[in-house]
Enquirer: 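Take this structure first; my questions come after.
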Amino acid sequence: QVQLVESGGGLVQAGGSLRLSCVASGRTFNIYRMGWFRQAPGKEREFVAAIYWRSGRTYYADFVKGRFTISRDNAKNTVDLQMNSLKPEDTALYYCAASSGLGNYDSQNAYGYWGQGTQVTVSS
């Protein structure tokens, strides 16, 4: 089992920045890839960004390219999401997820472990 705990959410004005952090514990040697997803009220959960644990290769949803950056610290078992130039439409509950296997990096079904989520609210 892998446990994930997110932090760093909050309220920010449009154009501002936030940094989300996710700490993994438990059987972290099983982690193959980690990702961030988000779910806005009334909408389905969607992919935001992913990072491969060993290579560090990253992938982003089109709507965050150039604004968000995902990074990891293997020694600390953490993955961060730096969010800049935030927009009101970025308001959502952000989830950290970990995958121990294959599957598409942007598919929720490829991730077997999830955090509880951290709320990000961007005011206009």
Side-chain angles (χ1 to χ4, degrees):
Q1 289 288 343
V2 175
Q3 293 79 42
L4 303 172
V5 178
E6 305 99 333
S7 63
L11 173 64
V12 64
Q13 288 188 332
S17 298
L18 280 175
R19 188 176 184 89
L20 306 183
S21 185
C22 174
V23 180
S25 61
R27 301 173 70 87
T28 57
F29 56 85
N30 280 342
I31 295 176
Y32 176 70
R33 177 181 59 234
M34 293 191 71
W36 286 95
F37 289 76
R38 71 185 188 184
Q39 186 168 20
K43 295 187 177 181
E44 294 186 354
R45 190 157 55 184
E46 61 183 356
F47 168 75
V48 175
I51 187 165
Y52 282 78
W53 204 239
R54 287 190 177 182
S55 69
R57 189 165 185 174
T58 59
Y59 294 89
Y60 297 93
D62 287 342
F63 54 78
V64 301
K65 284 182 179 178
R67 300 190 298 125
F68 291 10
T69 302
I70 188 171
S71 61
R72 93 264 193 247
D73 186 326
N74 297 60
K76 296 181 179 179
N77 291 327
T78 59
V79 61
D80 291 350
L81 185 69
Q82 177 66 43
M83 305 185 296
N84 299 327
S85 302
L86 283 162
K87 306 175 182 179
E89 51 264 43
D90 293 319
T91 295
L93 188 61
Y94 283 71
Y95 295 92
C96 174
S99 172
S100 59
L102 301 178
N104 295 331
Y105 62 81
D106 58 352
S107 171
Q108 298 182 55
N109 294 334
Y111 296 81
Y113 306 101
W114 293 83
Q116 293 299 308
T118 184
Q119 179 67 40
V120 171
T121 303
V122 185
S123 63
S124 57

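Numbers here simply count residues along the sequence, with the first being 1.
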Enquirer: Could you pull out the closest heavy-atom pair between Trp53 and Val79, with the gap in Å?
Expert: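 Residues Trp53 and Val79, closest heavy atoms: CZ3-CB, 4.5 Å.
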
Enquirer: Could you walk me through whether Leu86 and Phe68 pass the side-chain contact (heavy atoms from CB on, under 4.5 Å) test, one step at a time?
Expert: CA-CA 9 Å; Leu86 283 162; Phe68 291 10; 3.8 Å; yes

Enquirer: Can you tell if the side chain of Asp106 reaches within under 4.5 Å of the side chain of Phe37, non-hydrogen atoms only?
Expert: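 Sidechains of Phe37 and Asp106: no contact.
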
Enquirer: Output yes when a side-chain donor or acceptor of Asp73 lies under 3.5 Å from a complementary backbone atom of Lys76, and no otherwise.
Expert: yes

Enquirer: From Met34 CE over to Thr58 OG1, what is the distance, rounded to the nearest 0.5 angstrom?
Expert: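 If I round to the nearest 0.5 Å, the distance is 14.5 Å.
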
Enquirer: Test side-chain contact (heavy atoms from CB on, under 4.5 Å) on Glu6 and Tyr94; report intermediate values, then the result.
Expert: CA-CA 8 Å; Glu6 305 99 333; Tyr94 283 71; over 6 Å; no

Enquirer: Applying a strict under-4.5 Å side-chain criterion to I, L, V, M, F, W and Y, I'd like to know whether Val48 and Leu20 cluster together.
Expert: yes

Enquirer: Are Tyr111 and Val64 connected in the hydrophobic side-chain network, where two residues link if heavy atoms are under 4.5 Å apart?
Expert: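 Hydrophobic grouping puts Tyr111 apart from Val64.
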
Enquirer: Nearest 0.5 angstrom please: Glu46 CD to Arg38 CZ, how far?
Expert: 4.5 Å

Enquirer: Assess whether side-chain contact (heavy atoms from CB on, under 4.5 Å) is satisfied between Asn30 and Gln1, documenting all intermediate values.
Expert: CA-CA 9 Å; Asn30 280 342; Gln1 289 288 343; over 6 Å; no

Enquirer: I'd like to know whether CZ of Arg19 has more than 12 heavy-atom contacts from other residues, nucleotides or ligands below 6.0 angstrom.
Expert: yes

Enquirer: Write down the atom of Gln119, the atom of Ala92, and the distance for their closest heavy-atom approach.
Expert: NE2-O, 3.4 Å

Enquirer: For Arg72 and Tyr52, does a side-chain donor sit closer than 3.5 Å to a side-chain acceptor?
Expert: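 On atom types as modelled, these side chains do not qualify, holding no pair under 3.5 Å.
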
Enquirer: For residues Phe47 and Tyr105, establish whether the separation of their ring centroids is below 6.0 Å.
Expert: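 When the ring centroids of Phe47 and Tyr105 are compared, they turn out to be within the sub-6.0 Å range.
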
Enquirer: Going only through I, L, V, M, F, W and Y residues with side-chain contacts under 4.5 Å, is there a path from Val122 to Leu11?
Expert: no

Enquirer: Which heavy atom of Trp36 sits nearest to which heavy atom of Ile70, and what is that distance?
Expert: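 Looking at all heavy atoms of both residues, the closest pair is CD1-CD1, 3.6 Å.
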
Enquirer: In plain terms, say whether Lys65 and Asp62 are close enough for a salt bridge, that is, a side-chain N and a carboxylate O under 4.0 Å apart.
Expert: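 Asp62 and Lys65: salt-bridged.
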
Enquirer: Locate the shortest heavy-atom distance separating Tyr32 from Gly101; write the atom from each residue and the value.
Expert: CD2-O, 3.0 Å

Enquirer: Nearest 0.5 Å, what's the OG1-CD1 distance between Thr69 and Ile51?
Expert: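 Spacing of OG1 (Thr69) from CD1 (Ile51) equals 10.0 Å.
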
Enquirer: Is there a path of hydrophobic side-chain contacts, each under 4.5 Å between heavy atoms, that joins Phe63 and Val120?
Expert: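 Phe63 and Val120: one cluster.
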
Enquirer: Compare all side-chain heavy atoms of Leu81 with those of Met83 and state whether any distance is below 4.5 angstrom.
Expert: yes

Enquirer: With distance as the sole test, does Thr121 use its side chain to make a donor-acceptor pair with the main-chain N or O of Thr91 at under 3.5 Å?
Expert: no

Enquirer: Considering only heavy atoms from C-beta outward, does the side chain of Trp114 approach that of Gln108 to under 4.5 Å?
Expert: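 They are in side-chain contact.
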
Enquirer: For the NZ atom of Lys87 and the OG atom of Ser124, what is their distance to the nearest 0.5 Å?
Expert: 14.0 Å

Enquirer: Let me confirm one number: the CG-CD1 distance from Leu4 to Ile31, rounded to the nearest 0.5 Å.
Expert: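 If I round to the nearest 0.5 Å, the distance is 6.5 Å.
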
Enquirer: If every non-hydrogen atom of Val12 is compared with every non-hydrogen atom of Leu18, which pair is closest and at what distance?
Expert: CG1-CD1, 4.0 Å

Enquirer: Can you give me the closest heavy-atom contact between Asp90 and Arg67, atom names plus distance?
Expert: OD2-NH1, 2.7 Å

Enquirer: Decide side-chain hydrogen bond (donor to acceptor under 3.5 Å, both in side chains) for Asn84 and Gln82; before the verdict, give the C-alpha distance in whole Å, the side-chain angles of both, and the deciding distance to 0.1 Å.
Expert: CA-CA 7 Å; Asn84 299 327; Gln82 177 66 43; 2.9 Å; yes

